[in-house]
Amino acid sequence: MSKISVLRETKIDAHYFNMYASLMTTGNGYLGIRASFEEDYPEQTRGMFVAGIYNKAQEQVSSDLVNLPDVTKFWIEIDGVIFSMFSGQVSEFRRELDLATGELSRELVWKHPNGKQFGLCFKRFVSKKKLHMVYSKVAVTCLSDDATVRIRTGIDGQQTNFGTQHLVEDSLRVFSETWMQGEYTTTQSKQRIAVTSMVSQPGSFVAKNRQLHVTVNQELPKEQPFSVEKVSVIATSLEAENPAEFGLLQIREAKSYDEALIESQNAWEKFWRDYRVTVSSKNDFDQLALDFAAYHLEVMTPSHDERFSVGAKGLTGEGYKGHVFWDTEIFIAPFHLYNHPEKARKLLRYRYLHLEQARDKAAKNGYQGALFPWESAFSGEEETPEFAAINVRTGKRQKVASAIAEHHIVADVAHAVVSYYEASQDELFMENEGLKILQDTARFWLSRAVLRDGKYVILDVIGPDEYTEHVDNNAYTNYLAHENVYQTLRFMSKYGQKHTAFYDLCEAFLRKIYLPQPNADKLIPQDDTFLSKPEIDLAVYKEKQGSQAILLDYSRAEVNEMQILKQADVVMLLYLMPNLFSQDIVSHNLDYYEQHTIHDSSLSKAIHAIVANRVGQQDLAYRFFEEACRIDLEATSGGTDEGVHAASLGAIWLSTVFGFGGIAIMDGELHLNPRLPAEWERLDFSFVWHGERLEITLEQEHIAIRKQSTAPISIHVFGKEYCMTAGLEI
Ligand code: BGC
């Protein structure tokens, strides 16, 4: 197996401090810490987030994933000068995140303004073994002379979310010459947070202005490194009755940096053994992108708890306020589902546990059943902000319509429930929880659709393409609603719930729901009016994709009246339902809609890659794939500053396994139609299906599937069905 990739930052450029702070986030699903430098720079935004800790600053605004007190900051004063990479001179600089171990390290050689040379080394990791623990280490060596150093670090409660302070400081305490603790409560959600830190060297403490610090002074004889280790325990009332006590108990068990790293590394090793996708590609970048995606998908997922889900930026930044979208079910959950299904189940449980809030939302909007919020947080209530950014010329704010019309999320959740069942065959979940979600979501569609000229139509929605609002019969929505109701019937009959009035209503819905068909030009209309709208040349906007540059030239209302897509919509449907249309139709629609798509959403490119690959356009697919991989890794225009694009990382995995790897699930059956791009010699991944881990190796002319047991598993390879007992080679 090739070595797991290392992500590197090679030059000091403040333009990219926040991009790297997001990319190099360390975390473990419980918490995430942005990779800001230890010393302060005005350009960088620090961030530490615990999954599930949200707060509303004011009643009328939506919840933020709270940016918690910082433990990563170290002030280093050498011979009376405060260390900064922009004072003195840096002659060597290397910063890397080792994706294999989750350790972030930086080494540099720094020339003091007084001419002395220093070596500085900073390391940190968030333990994958002990979810609450953060370890860091700073070492300073004077390479050319003797010197004095002063190191200050502690707990900094001045953190905010874009300026909004969410925490009340309850207490600051020092317990010995090396232990300190800060306790906080969120202002509205009343979550308690305790941050407990211990440093390896005794020093003097100061508590002031929401900060608690210890300062250590040291003489530095030439070439003798001086290091300070720090371990912090982050605990909250989500998991501990008394977070402060919990923190003190855990800090007692803290190990040395190196010992704890080995422990954490072992946990990472386990992860990589199961989840890693390897590729022999002409472009080394591809493996980096795959490792990067897998790493982040793991650190963003709160697999320890089912009360919350994955935010659109994971735990890497304040973007999208940490809210949960359809991104989880459609883009992120599959990565877990086909590796560790129980983790996908937990993500579904988040929806199940919030059915009540979804029912409330439906009722408030005049519907039956469950209407999941477009954006949600801890409470499971609708959290979509009412307004988007302000137009500073008019002073007006644009209303965000997603909460009232982007209803496809209901069917997306149902789709994920069925996918989970098909992969895992988990009858217990399906009969007790899954079916409830299916019934409530189906009930929603029954009340949402209206009968017009003998057909059920779904009016005034937003499909996945958010540049087209308030339209009738969005194809994606109608087809997924149909699937939602169809699957509900399937499982109601399976579990003996056939003879009910609701069952009959579902049958009537299925008979009459309007499903847009390809027109004379073989195009599936995105909605009732889309294809009759004017077109404009999108070349200039496509060049600036991801930046929403079109909204600088046109108002949203104007964009709405043209054939302009923000992201995959019909193409999204073609991806999710591979056997709906012929290859010819898929091909036509891919070409047409892609021409009209700016890809301003990061959820778009990788999905296009999958569909392009299915219709034999491997070169195009590979181009889309590479572009999708660059969304975060080369986000030079600031797009990743507020956090990585969680769904897009899930989509990179999907485009590899479901795209080039050729996996498709059709009618509950597993299919494999691999088509590797010319640049790839070999692709290896594992895929858990019906309780068994299949190890799949694909080469241009060869397929091998290894199994652990001899239990038969059926698979269709290039359309031919095989019943595998010992594995398969073709
Ligand atoms: C996209 C949505 C997505 C959201 C969060 C938006 O820009 O249009 O589809 O759910 O970002 O990632």
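Start at 1 and go down the list; that is how both ligands and their atoms are numbered. Keep in mind that what you see is a predicted model, and the values were worked out from it rather than measured.
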What residues form a side-chain hydrogen bond (donor to acceptor under 3.5 Å, both in side chains) with Tyr20, not counting sequence neighbours? none
With Arg397 via salt bridge (Lys or Arg N to Asp or Glu O under 4.0 Å) - residues at least two apart: none
Best match, Asp327, Ile330, Ile409: closest heavy atom to atom 10 (O) of ligand 1: Asp327
Can you confirm, on distance only, whether ligand 1 has an N/O atom lying under 3.5 Å from any N/O atom belonging to Tyr320? yes
Per-atom filter on ligand 1: closer than 4.0 angstrom to a heavy atom of Trp326 are 2 (C), 3 (C), 9 (O), 10 (O)
Of all the atoms in ligand 1, which lie at a distance below 4.0 Å from a heavy atom belonging to Lys566? 1 (C), 6 (C), 7 (O), 8 (O)
Do the ring centers of Trp653 and Tyr275 come within less than 6.0 Å of each other? no
One residue to check: Asp600. Relative to ligand 1, which of side chain, backbone, both or neither has a non-hydrogen atom less than 4.0 Å away? neither
When the ring planes of Phe308 and Phe378 are compared, do they come out parallel, tilted or perpendicular, using 30° and 60° as the limits? tilted
Aromatic plane relationship, Phe271 with Phe335 - under 30° parallel, 30 to 60° tilted, over 60° perpendicular: tilted
Identity and distance of the protein heavy atom lying nearest atom 8 (O) of ligand 1: Gln567 OE1, 2.6 Å
